[in-house]
Amino acid sequence: MESKILDGKGLAQIAEQEIKSKVSELKNQGVTPTLATVLVGVDPASATYVKMKQNACSRLGMESIAIELGKDTTTDELLKTIQQLNDDEKVHGILLQHPVPTQVDERACFDAINVSKDVDGVTCLGFGQMTMGEPAYGSCTPAGIMRMLEHYQIEISGKHAVVVGRSPILGKPMAMMLLNKNATVTICHSRTEDLQGHIKNADIVVGAVGVPQLIKKDWIKKGAVVIDAGYHPVEKCGDIELVGIENIASAHTPVPGGVGPMTINTLILNTLLAAQKLV
Ligand code: NAP
């Protein structure tokens with residue numbers, strides 16, 4: 001049987017219609033959901049990601065406030081900006097685009113975001129709350145993946161999920177979200193021995209590595225669910241070898257058009273929820 005395509009792009013488009021009507025309801029009550037985006041430095045990829053998030057806001061009738069800080073910004077300067085946004089009642093969500101220049105203490109700046117405005121799910125407090133099953137905005141990429149798995153009714157409970165990557169914004173929260181849905185989770189990383197052996201046992205594989213096609217299709221168990229969070233614009237591929245995967249997996253995310261659109265959509269949804277004060 002051919003693998004089912006988990007169409008993140010299509011799903012995000014459907015979700016946008018619902019978000020748009022809720023935004024309009026809220027605006028009728030005098031509240032415009034507003035996302036503040038903070039970009040530090042001149043990384044072109046980061047600038048593109050921020051632009052895409054701002055475009056999504058305007059498409060849906062939401063407000064975005066763009067803050068651009070120079071490449072020499074200090075930690076103190078960035079902390080001050082975040083504090084101003086925390087104090088600004090018009091701002092419902094704050095996105096600090098990762099990565100910031102190396103002289104900035106990124107963790108301190110993430111954690112300075114008020115958890116009620118942490119719509120990108122980057123604070124330690126938000127991560128802890130999500131892990132404990134308390135209401136919190138999950139980190140957007142894994143939360144978007146979970147929404148996709150739910151939509152396509154992919155069974156998670158009791159399944160063996162292997163997450164390749166353990167970054168604070170992707171691999172770690174992904175593992176915790178799958179664990180919270182009763183998967184048995186293995187987390188692999190750069191020091192893992194026998195990566196192939198772990199993946200061969202996986203019912204669900206999540207590639208969150210940042211290395212083009214590191215995970216080979218021959219490592220995937222027949223019938224596994226394959227989620228590729230990676231995107232490499234130059235190579236035009238993800239972290240998993242997907243050519244031919246349709247004859248091996250039971251379901252898979254395409255690249256592009258899988259995880260990426262759901263990440264942005266989840267950020268926008270979280271900003272709406274923050275404006276509705278529902279989380
Ligand atoms: P990251 O911070 O660089 O983390 C990469 C992780 O992969 C680390 O935990 C690293 O292990 C592990 N790793 C690296 N080489 C490995 C290897 N040979 N074998 C096993 N594990 C290895 O990257 P990230 O921010 O999590 O992003 C991962 C991927 O997701 C990238 O392709 C990125 O573009 C993509 N991404 C997509 C979206 C989206 O919206 N679609 C959002 C965020 C990220 P160590 O911890 O041991 O170093």
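Below, each value reflects all heavy atoms present in this structure, side chains not excepted, and no hydrogens, waters or symmetry copies. In listed order, ligands and their atoms are each counted from 1. Worth saying up front: this structure is predicted, and the values here are computed from it rather than measured.
- Residue Ser167 holds the heavy atom nearest to atom 1 (P) of ligand 1 of all those in Ser167, Pro173, Gly8, Pro233.
- For ligand 1, the atoms lying closer than 4.0 Å to a non-hydrogen atom of Thr263 are 39 (C), 40 (O).
- Every atom of ligand 1 with a heavy atom of Leu214 under 4.0 Å away is listed here by number and element: 17 (C), 18 (N), 19 (N).
- Interface of Ile169 with ligand 1, defined as ligand atoms under 4.0 Å from a residue heavy atom, comprises 25 (O).
- Here the side chain of Asn270 pairs a donor or acceptor atom with the backbone of Val119 at under 3.5 angstrom.
- Distances shorter than 4.0 angstrom do not occur between any heavy atom of Gly171 and any atom of ligand 1.
- One side chain, Ser3 or His252, offers a donor N or O that lies under 3.5 Å from an acceptor on the other.
- Applying the 4.0 Å criterion to heavy atoms of His232 picks out, from ligand 1, the atoms 32 (O).
- Ion pairing of Glu18 with Lys22 is present here, as a side-chain N (NZ or NE/NH1/NH2) and a carboxylate O approach within less than 4.0 Å.
- For atom 13 (N) of ligand 1, the closest heavy atom belonging to the protein is Val209 CG1, 3.4 Å.
- A donor atom on one side chain and an acceptor atom on the other are not found under 3.5 Å apart for Thr192 and His198.
- In summary, the side chains of Asp120 and His98 do not present any donor paired with an acceptor at a separation below 3.5 Å, with no hydrogens or angles considered.
- Looking from atom 9 (O) of ligand 1 to the surrounding protein, the closest heavy atom is Arg166 N, 2.8 Å.
- Side-chain polar atoms of Ser116 and Asn114 form a donor-acceptor pair below 3.5 angstrom.
- Defined by atom type and a distance below 3.5 Å, a donor-acceptor pair is present between the side-chain atoms of Gln83 and Asp87.
- The atoms of ligand 1 that sit less than 4.0 Å from any heavy atom of Gly260 are 41 (N).
- Close contacts of ligand 1 with Gly210, meaning ligand atoms under 4.0 Å from a residue heavy atom, involve 28 (C), 29 (C), 31 (C), 32 (O).
- Side-chain contact, Thr123 with Asp118: a donor N or O sits under 3.5 Å from an acceptor N or O.
- In terms of protein heavy-atom proximity, atom 36 (N) of ligand 1 is nearest to Ala229 O, 3.5 Å.
- Checking Ile264, Leu60, Ile19 one by one against Leu269, the side-chain contact (heavy atoms from CB on, under 4.5 Å) holds for a single residue, Ile19.
- Annotation: His98 places no N or O atom under 3.5 Å from an N or O atom of ligand 1; distance criterion only.
- Scanning the protein for heavy atoms near atom 21 (N) of ligand 1, the closest one is His189 C, 3.1 Å.
- Side-chain atoms of Thr37 and Ser64 include no donor-acceptor pair closer than 3.5 Å.
- Ligand 1 has a nitrogen or oxygen under 3.5 angstrom from a nitrogen or oxygen of Ser190.
- Counting only heavy atoms of the protein, atom 44 (C) of ligand 1 lies nearest to Leu170 CD2, 3.7 Å.
- Contact annotation for atom 33 (C) of ligand 1: protein absent (non-hydrogen atoms, distance under 4.0 Å).
- Rounding to the nearest 0.5 Å places CD1 of Ile204 at 7.5 Å from CD1 of Ile154.
- Listed by atom number, the atoms of ligand 1 under 4.0 Å from Thr141 heavy atoms are 38 (C), 39 (C), 40 (O), 42 (C), 43 (C).
- If you look at Thr192 next to ligand 1, there are no close heavy atoms at all, none under 4.0 Å.
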